[in-house]
Amino acid sequence: MQPAYLDQGLIQWRFRFESSNHTPVSICEYDMPAKPIRTNRGSAANGKPGLHPRNLHKQRYDFPALIDSCAELAPFVKTNAHGNLSVDFADPEAVKVLNRALLFHFYGLRHWDLPDGYLCPPIPGRADYIHHLADLLAQDNGGEVPQGRQILGLDIGTGANAIYPIIGHRSYGWRFIASDIDPVSIATAELIGQMNPVLKKALDCRLQNNADDCFNGVLKSGEMIDFSLCNPPFHSSMAQASAGTQRKLKNLGNVKGGDKTKLTLNFGGQNAELWCPGGEQAFVKRMVQQSRAYAEQCCWFTSLVSKKENLPAIYAALKKVKAVDVRTVKMAQGKKVSRFVAWSFLDAETRSRWANSRWRA
């Protein structure tokens, strides 16, 4: 069988397949300009380097406009040392209110709040995941991003913020199953869905009772989803998470003189949101292993992978479960580089039939 060339995002992956079962046996990466994806909700023209062309957050924050949309942001906006309006990103409350303003201004929300100490994600990077995922789906849909309520995704570990369902629904009209192991997160995400008319019937929040399961206990028998996404816990222990917080605060200039006694997570985060045994690699490998049982119920499985060094182990796990199609999509925000891995147990012809029956109805 000839090698398959698969364009996606900013890079291209080349696979060689075993002729018997179409399983990838070798992978290499090389730079390749992305093919434009057609959509009626934005242009594929190049924007600010790094962020996706359709990302609404490519430009610097327009703080006067954000204050018009969310007046409570005003007390947090100050002129910084460079003479620009900004907020103190070491202040958790400032970060939360900035997020609220962004969600009000760009996505039409009226209510968004988090319990103290819960993860408050940086919205531009989360939006990039959604838009690159949309491009992945478009490749099975004749280059058109599938839109509307007939598209159903699973957000594994949605958190209290429900950020992916919000951006996915407001950008493309998708519906989401939002799962989490934390009852407070589920209750908060449900409230966000109920308090915002623009999210009506967009979120189906489901509590995962077993922290070791990603799909079992959430997906119903025979329930079909078009994709799954996940931002897995990054760290392998609470100590590692605390050390990461210390580095972040030092970079923000919030820790001086070596004082490590008072750590504040500027973006928050509960234990399950920040770490799990084995960290990101173990979590994604477990997700890969469990996905095999749902091979016919999901078109594309995806997960963020923050550490590039975790990729070889994840690829090995994907080979073991005989994933038919494996792709890695590179993303960047300034100097920060990330990526998500996507895999499917369906070949291109089957995915095309999937698109015809579900997305073009």
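All values below come from the heavy atoms of this structure, side chains included, with hydrogens, waters and symmetry mates left out.
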Correct closest heavy-atom pair for C299 and D140 would be SG-OD2, 4.4 Å

Are M287 and V321 joined in one hydrophobic group, where the rule is that I, L, V, M, F, W and Y side chains link up if heavy atoms are under 4.5 Å apart?
-> yes

Could you tell me whether the side chains of S228 and Y294 share a donor-acceptor contact shorter than 3.5 Å?
-> no

Nearest 0.5 Å please: distance from the CG atom of L229 over to the CZ atom of R126.
-> 11.0 Å

Output yes when a side-chain donor or acceptor of W359 lies under 3.5 Å from a complementary backbone atom of V145, and no otherwise.
-> no

Matching residue for F227 among W174, W300, F301 - test: ring pair (Phe, Tyr, Trp, His ring centres under 6.0 Å) = W174

Drop me the distance from C230's SG to F283's CZ, to the nearest 0.5 angstrom.
-> 4.5 Å

Among K330, R54, H52, which residue meets the side-chain contact (heavy atoms from CB on, under 4.5 Å) test with H132?
-> H52

Determine, stepwise, if the pair V87 / V95 fulfils side-chain contact (heavy atoms from CB on, under 4.5 Å).
-> CA-CA 8 Å; V87 300; V95 171; 5.7 Å; no

Between the main-chain N or O of A348 and the side-chain N or O of S352, is there a donor-acceptor pair closer than 3.5 Å?
-> no

Correct closest heavy-atom pair for L346 and S344 would be N-OG, 3.1 Å

Output the distance between atom CG (L51) and atom NE2 (H131), rounded to the nearest 0.5 Å.
-> 9.5 Å

Who are the side chain to side chain contact (heavy atoms under 4.5 Å, CB included) partners of A316, not counting sequence neighbours?
-> none

Charged N to carboxylate O below 4.0 Å: is that the case for E144 and R360?
-> no

Is I186 reachable from L191 through a run of hydrophobic residues whose side-chain heavy atoms are each under 4.5 Å from the next?
-> no

4.5 Å side-chain heavy-atom contact, I163 and I123 | yes

May I ask you to check whether H105 and Y61 place their ring centers less than 6.0 Å from one another?
-> no

Residues Y129, T302; criterion side-chain hydrogen bond (donor to acceptor under 3.5 Å, both in side chains); working and verdict = CA-CA 10 Å; Y129 189 178; T302 76; 2.7 Å; yes

Please check if atom CD in E296 has more than 12 non-hydrogen atoms from other residues, nucleotides or ligands closer than 6.0 Å.
-> no

Does V337 sit in a hydrophobic cluster with other residues, and if so which ones, taking ILVMFWY side chains as linked at heavy-atom separations under 4.5 Å, directly or through other members?
-> none

Any side-chain heavy-atom pair of L154 and F176 under 4.5 Å | no

Measure the shortest side-chain to side-chain distance between E72 and R100 over non-hydrogen atoms and say whether it is less than 4.5 angstrom.
-> yes

How far apart are the C-alpha atoms of Q297 and I225, what are their side-chain angles, what is the distance that settles it, and do they pass the side-chain contact (heavy atoms from CB on, under 4.5 Å) test?
-> CA-CA 6 Å; Q297 290 181 235; I225 57 173; 5.5 Å; no

Start with the C-alpha gap between V198 and Y107, add the side-chain angles, then the distance that decides, and say whether side-chain contact (heavy atoms from CB on, under 4.5 Å) holds.
-> CA-CA 9 Å; V198 296; Y107 301 101; over 6 Å; no

First locate atom CG of D155, then atom CD1 of I177, and finally report the distance between them rounded to the nearest 0.5 Å.
-> 10.5 Å

Residue pair S303 / F340, side-chain heavy-atom distance below 4.5 Å = no

Below 4.0 angstrom, N of the basic side chain to O of the carboxylate: do D180 and R206 qualify?
-> no

Say whether, by atom type as modelled, one donor and one acceptor occur between the side chain of Q290 and the main chain of D212 under 3.5 angstrom.
-> yes

Looking at L85 and P64, what are the two nearest heavy atoms and their distance?
-> CD1-CD, 4.2 Å

Mind telling me whether H57 and F106 have parallel, tilted or perpendicular rings, with 30° and 60° as the class edges?
-> perpendicular

Could you tell me whether R286 and E280 have a side-chain N and a carboxylate O separated by less than 4.0 Å?
-> no

Is the backbone of P124 close enough, under 3.5 Å, to the side chain of N55 for a donor and an acceptor to pair up by distance?
-> yes

So, R339 side chain and M331 main chain: donor-acceptor pair closer than 3.5 Å or not?
-> no

R110 atom CZ, over 12 foreign heavy atoms within 6.0 Å = no

Tightest non-hydrogen contact, residues I151 and P146, listed as CD1-CB, 3.8 Å

Heavy-atom side-chain contact between K96 and N99 under 4.5 Å | no

Side-chain contact test, heavy atoms from C-beta onward, threshold under 4.5 Å: evaluate it for F104 versus L66 and give yes or no.
-> no

Cationic N near anionic O, under 4.0 Å, R175 to D204 = no

Specify the closest pair of heavy atoms between S86 and N80, including all atoms of both residues, with the distance to one decimal.
-> CB-ND2, 3.8 Å

Going through the checks in order, is the side-chain contact (heavy atoms from CB on, under 4.5 Å) test met by N216 and Q208?
-> CA-CA 8 Å; N216 186 39; Q208 171 58 268; 5.7 Å; no

Are any non-hydrogen side-chain atoms of T350 and R353 less than 4.5 angstrom apart?
-> yes

Taking the side chain from E223 and the backbone from K220, do they hold a donor-acceptor pair closer than 3.5 Å?
-> yes

All heavy atoms of L152 vs all of M224, minimum pair found to be CD2-O, 3.6 Å

Taken to the nearest 0.5 Å, the spacing of L304 CG from N231 CG works out to 5.0 Å

Would you call D325 and R327 a salt bridge, taking side-chain N to carboxylate O under 4.0 Å as the test?
-> yes

Taking side chain as C-beta onward, heavy atoms only, is R149 less than 4.5 Å from H169?
-> yes

Under 3.5 Å side-chain donor-acceptor pair for W354 and D226 | yes

Lys/Arg-Asp/Glu bridge criterion (N-O < 4.0 Å) met for K78, D88 | no

Is the backbone of G143 close enough, under 3.5 Å, to the side chain of N141 for a donor and an acceptor to pair up by distance?
-> no

Separation between CD1 (I181) and CD1 (I156), nearest 0.5 Å, reads 12.5 Å

